Trainee: 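After the structure tokens below, expect a handful of questions from me.
Reminder, nothing fancy here: chain letters follow the sequence lines and each chain counts from 1. Fair warning: this is a prediction, and the values are worked out from it, not measured in the lab.
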Amino acid sequence: MAFTKKIGIAAAALLGAVAFSNLTLRAQEGGAHESPNPTRQTWSFSGPFGTFDRAQLQRGFKVYKEVCSNCHELHIPIRTLGQPGGPGFTEDQVKTLAATYTVHDGPNLQGEMFDRPGRPADFFPAPFPNPEAAAASLGAAPPDMSLLAKSIKFERGFPAFVFDALPIPGGMYQEVGPDLIYAILNGYTKEDDPNWNLYFPGHKIAMGKPLAAGQVDYTDGTPTTLEQYSKDVAAFLYWAAEPSLEQRKRIGARVMIFLLVLAGLLYFTKKKIWADVAH
Amino acid sequence: MHGHSTFEPKNGVVKWLEARLPILSFMHGSFVAYPTPKNLNYWWTFGAILSFMLIAQIVTGVVLTMHYTPESTLAFGSVEKIMRDVNWGWMLRYAHSNGASMFFFAVYIHIFRGIYYGSYKAPREVLWILGVIIFLLMMATGFMGYVLPWGQMSFWGATVITNLFSAIPFVGDEITVWLWGGYSVDNPTLNRFFALHYLLPFIIVAVVGLHVWALHVCGQNNPDGVEIKDIAKDTVPFTPHATMKDSLGIVFFLLLYCWFIFYVPNYLGDADNYIPANPMKTPPHIVPEWYFLPFYAILRSIPDKLMGVIAMFAAIAVLAFLPWLDTSKVRSAKYRPIYKIFFWIFVVCAVGLGYLGAMPPEGGFVLASRILAVAYFAFFLIVLPLLGLFEKTKPVPASIADAVLAKHGSASSVAASAASAPQTKG
Amino acid sequence: MASATTVEPTRRDFLFIATGAVAAVGAAAVVWPLINQMSPDASTLALASTEVDIGAIPEGQIITIKWRGKPVFISHRTEKEIKEAEDVNIATLPDPQTDAARVQKPQWLIVIGVCTHLGCIPLGHQGEYGGWFCPCHGSVYDTSGRIRKGPAPRNLAVPQYTFLTDTKVKIG
């Protein structure tokens with residue numbers, strides 16, 4: 001038994017060594033160049049029954065259209081604004097909106113390219129013909145925003161990353177992207193340096209402070225603060241990146257209930273079948 | 001095989017078919033009348049769970065192929081189109097990507113179960129080696145599948161993994177260029193990876209067929225590690241007993257799987273893969289999918305390129321030699337008190353390596369990886385050969401029936417406790 | 001065990017049937033997305049209409065445009081062609097239809113350019129009726145796109161369309 005004990009101690013020591021090396025490294029990383037992790041925001045679309053707030057998505061779209069779209073492409077079809085589970089624009093609103101964009105199309109029967117008003121099936125036009133043109137004009141090419149809210153992240157560390165997957169209070173954390181977008185839009189904390197951001201990795205961000213209070217008019221009485229703009233546009237971008245979210249969670253609930261019922265039935269069936277077998 | 005099929009065709013058409021192709025009696029003998037040890041616990045349902053996952057991956061994969069475009073300028077967009085426009089596309093894609101993770105999760109449990117209960121020992125060596133081959137094929141399939149969305153992590157993962165072959169002395173660079181079909185990972189690479197990603201699952205099906213064949217020749221191992229002596233006393237028919245138990249295991253597994261599909265579908269993926277591949281810019285941390293992390297940690301723990309690659313492949317290859325490295329006469333860890341402890345240390349090491357594989361290769365992480373990599377190999381190359389010689393094992397029951405009897409104390413209490421005994425020990 | 005046989009079987013049977021039924025419902029629910037994914041996706045449905053500028057098509061010419069992946073013939077018919085189309089005794093036709101029922105403006109005939117026999121594309125201004133001739137199996141259409149001879153069972157289909165202006169037509 002003494003041998004057993006020794007092995008146990010060795011295993012514990014090994015684990016301790018791993019944990020310690022981990023901690024020391026974390027301490028080193030916590031140096032001046034590291035960005036703090038954004039705080040977790042409350043989102044209507046988080047949790048197992050989350051849905052998008054239509055009014056918020058519409059406001060977020062307005063912020064995108066009036067501010068972001070000047071530099072960023074949003075490579076999604078305009079028609080998606082009217083699809084179920086989205087901002088909830090009506091078909092006519094989408095058509096009218098689409099027509100305000102100019103789309104380069106062609107060739108026509110004469111073999112010429114031409115401009116025409118947009119249609120719902122068109123994608124939102126890109127502000128620059130290609131990333132190189134964008135980089136030449138702005139210094140760096142702004143990323144396409146269609147998947148931005150899913151393509152950015154920050155490390156959650158152990159053990160938080162385990163809880164992020166679990167159906168427990170404070171768990172099921174999937175909104176890392178929108179939280180980071182919100183944090184970055186609110187992270188321009190040095191008055192004298194518009195390219196310094198508290199939350200951007202390395203703190204140097206090519207995008208100068210893009211939003212300020214009062215910049216976009218809200219017609220529904222929502223306060224026109226930077227915090228509100230950031231939140232609305234982050235929600236909008238999460239929808240743009242994950243338009244099936246509402247359908248996914250709705251079907252997920254049904255699937256879970258179904259599987260629980262089936263599991264219960266199978267449990268009793270199996271019990272019955274094995275009832276007369278010692279095992 | 002245990003050929004205890006009681007299949008007797010009554011229907012004329014069945015008789016006609018039986019005389020020409022006895023497939024129905026074969027199925028009956030393999031999946032209905034097949035004698036199953038009565039003491040199997042729920043860890044044994046993972047074979048059925050894996051069969052289910054293989055089918056699920058093939059079905060969702062074939063369906064995704066109907067919408068996917070394996071071309072470097074179109075691949076990323078076609079996946080996004082699946083996610084946004086194709087009917088149920090988001091569900092099929094999330095089911096397939098999370099299915100890969102679930103498949104590996106189940107296969108790791110299946111492997112650890114085999115190691116714990118000594119399922120690799122004679123006469124099941126070929127069965128075990130076929131399993132190692134399936135594992136290798138799964139890794140190749142999983143890796144190539146991850147390249148197909150052509151995101152940043154797809155591209156750079158492909159670059160890093162194919163560059164492993166450049167470590168081969170003398171011909172490494174030529175082999176890498178041959179693998180790529182060019183001077184870097186590009187459209188030809190994507191095309192061939194797609195072709196192979198479609199092909200390999202069917203090869204896996206074939207090897208699984210051999211795996212099941214070998215299993216049915218030797219019979220299943222069981223938690224007590226003793227062979228079936230008396231079919232009437234030691235076993236139950238596969239259907240309905242094992243079928244029902246497996247079904248229950250699959251449904252519980254589905255609850256986990258569906259949780260990932262519907263509620264945290266991107267949890268196991270990497271955010272960088274939602275950025276289209278850019279051959280001019282490497283993401284700050286290249287991390288493989290979680291199921292490769294322990295091996296990735298072993299690769300990085302060795303500062304020499306060739307030795308690192310050898311160590312990584314050796315970590316998988318060593319599994320194939322397990323039947324001969326373990327010198328103990330006793331199969332199950334249930335009767336091997338010291339082996340049991342080493343087994344759990346090994347599990348902790350493997351999980352620890354997985355964690356370290358996701359960490360940046362700096363400072364303490366590298367040191368820890370080295371310690372755990374040494375421990376990993378020591379388990380196979382030192383502990384297992386020596387333990388069989390020195391370990392004092394507990395007495396092994398004479399038969400499965402005896403083991404069941406011992407567990408329930410006496411014959412009279414068997415019926416009462418049988419129904420309420422959840423066998424999840426181990 | 002033996003004493004329980006009178007009650008047990010029914011309860012057992014119910015449990016087994018219920019389990020089987022629920023499992024079958026689940027299987028069916030899984031099959032539906034696998035079938036439905038092959039239906040046209042959202043982007044395909046969104047492209048269901050197309051606008052064509054017909055102002056530049058001279059009289060007597062047929063142009064072919066693509067709509068929903070299929071060719072659509074837009075024929076700017078001459079007076080002679082219109083007259084030929086209108087003067088036919090429809091009782092003699094395999095698929096009786098007046099010309100007026102097939103056009104919105106007599107000078108413009110708009111039909112889907114797919115032979116109703118087996119889906120080939122007929123050739124314009126050919127065949128003995130001056131309309132279309134299908135090279136695959138010899139179906140002959142007149143200047144109204146109606147089947148006159150050959151194996152095709154029906155007239156060339158007329159898509160849904162509206163004239164947005166005199167020179168612009170929206171198909172679909």
Trainee: Walk me through whether B:R84 and A:T80 qualify under side-chain contact (heavy atoms from CB on, under 4.5 Å).
Mentor: CA-CA 9 Å; B:R84 292 171 190 279; A:T80 54; 5.8 Å; no
Trainee: Rounded to the nearest 0.5 Å, how far apart are CZ of A:R248 and CZ of B:F262?
Mentor: 9.5 Å
Trainee: Any chance you could measure B:M244, atom CE, to A:L266, atom CG, to the nearest 0.5 Å?
Mentor: 6.0 Å
Trainee: Among A:D164, A:I76, A:I251, A:I152, which has the most heavy-atom pairs under 4.5 Å with chain B?
Mentor: A:I251
Trainee: Taking all non-hydrogen atoms of both residues, which atom of B:C258 and which atom of A:L259 are closest, and how far apart?
Mentor: SG-CD1, 3.8 Å
Trainee: Could you pull out the closest heavy-atom pair between A:E242 and B:P265, with the gap in Å?
Mentor: OE2-CG, 4.4 Å
Trainee: Given that the side chain runs from C-beta out, which part of A:A253 has a heavy atom under 4.5 Å from chain B: side chain, backbone, both or neither?
Mentor: both
Trainee: For the atom pair OH (A:Y267) and NZ (B:K245), what is the distance rounded to the nearest 0.5 Å?
Mentor: 11.5 Å
Trainee: What distance separates B:D246 CG from A:K270 NZ, expressed to the nearest 0.5 Å?
Mentor: 11.0 Å
Trainee: Would you compute the distance between atom CG of A:D144 and atom OH of B:Y274 and round it to the nearest 0.5 angstrom?
Mentor: 14.0 Å
Trainee: As an exercise: rank A:A263, A:S146, A:A165 by heavy-atom pairs under 4.5 Å with chain B and give me the winner.
Mentor: A:A165
Trainee: Going through the checks in order, is the side-chain contact (heavy atoms from CB on, under 4.5 Å) test met by B:L255 and A:L260?
Mentor: CA-CA 8 Å; B:L255 275 165; A:L260 285 171; 4.0 Å; yes
Trainee: Name the region of A:P143, side chain, backbone, both or neither, that has any atom closer than 4.5 Å to a heavy atom of chain B.
Mentor: neither
Trainee: Classify the ring geometry of B:Y355 against A:F161: parallel below 30°, tilted from 30° to 60°, perpendicular beyond 60°.
Mentor: parallel
Trainee: So what's closer than 4.5 Å to chain B heavy atoms on A:P48: side chain, backbone, both or neither?
Mentor: both
Trainee: Kindly indicate whether the side chain of B:W259, heavy atoms from C-beta on, has any atom under 4.5 Å from the side chain of A:P167.
Mentor: yes
Trainee: Go through A:R250, A:K249, A:K153, A:Q174 and name the one with the most non-hydrogen pairs under 4.5 angstrom from chain B.
Mentor: A:Q174
Trainee: Select one option (side chain, backbone, both, neither) describing which atoms of A:A149 are under 4.5 Å from chain B's heavy atoms.
Mentor: neither
Trainee: Which bit of A:R79 comes within less than 4.5 Å of chain B, counting heavy atoms only: side chain, backbone, both or neither?
Mentor: side chain
Trainee: If I compare all heavy atoms of A:W274 with all of B:A242, which pair ends up nearest, and what's the gap?
Mentor: CZ2-N, 4.3 Å
Trainee: Does B:K392 NZ have over 12 foreign heavy atoms under 6.0 Å away?
Mentor: no
Trainee: Considering only heavy atoms, which portion of B:D270 lies under 4.5 Å from any heavy atom of chain A: side chain, backbone, both, or neither?
Mentor: side chain
Trainee: Counting only non-hydrogen atoms closer than 4.5 Å, does B:I261 touch chain A with its backbone (N, CA, C, O), its side chain (CB onward), both, or neither?
Mentor: backbone
Trainee: Between B:F76 and chain A, which part of the residue has a heavy atom less than 4.5 Å away: side chain, backbone, both or neither?
Mentor: side chain
Trainee: B:M91, B:H241, B:Q152: which one forms the most heavy-atom pairs within less than 4.5 Å of chain A?
Mentor: B:H241
Trainee: Between B:P276 and chain A, with a heavy-atom cut-off of 4.5 Å, which part of the residue counts as in contact: side chain, backbone, both or neither?
Mentor: neither
Trainee: State, without any angle test, whether A:Q247 and B:W90 hold a side-chain donor-acceptor pair at a distance under 3.5 Å.
Mentor: yes
Trainee: Begin from the C-alpha positions of B:D272 and A:S151 and carry the test side-chain contact (heavy atoms from CB on, under 4.5 Å) through to its verdict.
Mentor: CA-CA 5 Å; B:D272 279 319; A:S151 69; over 6 Å; no
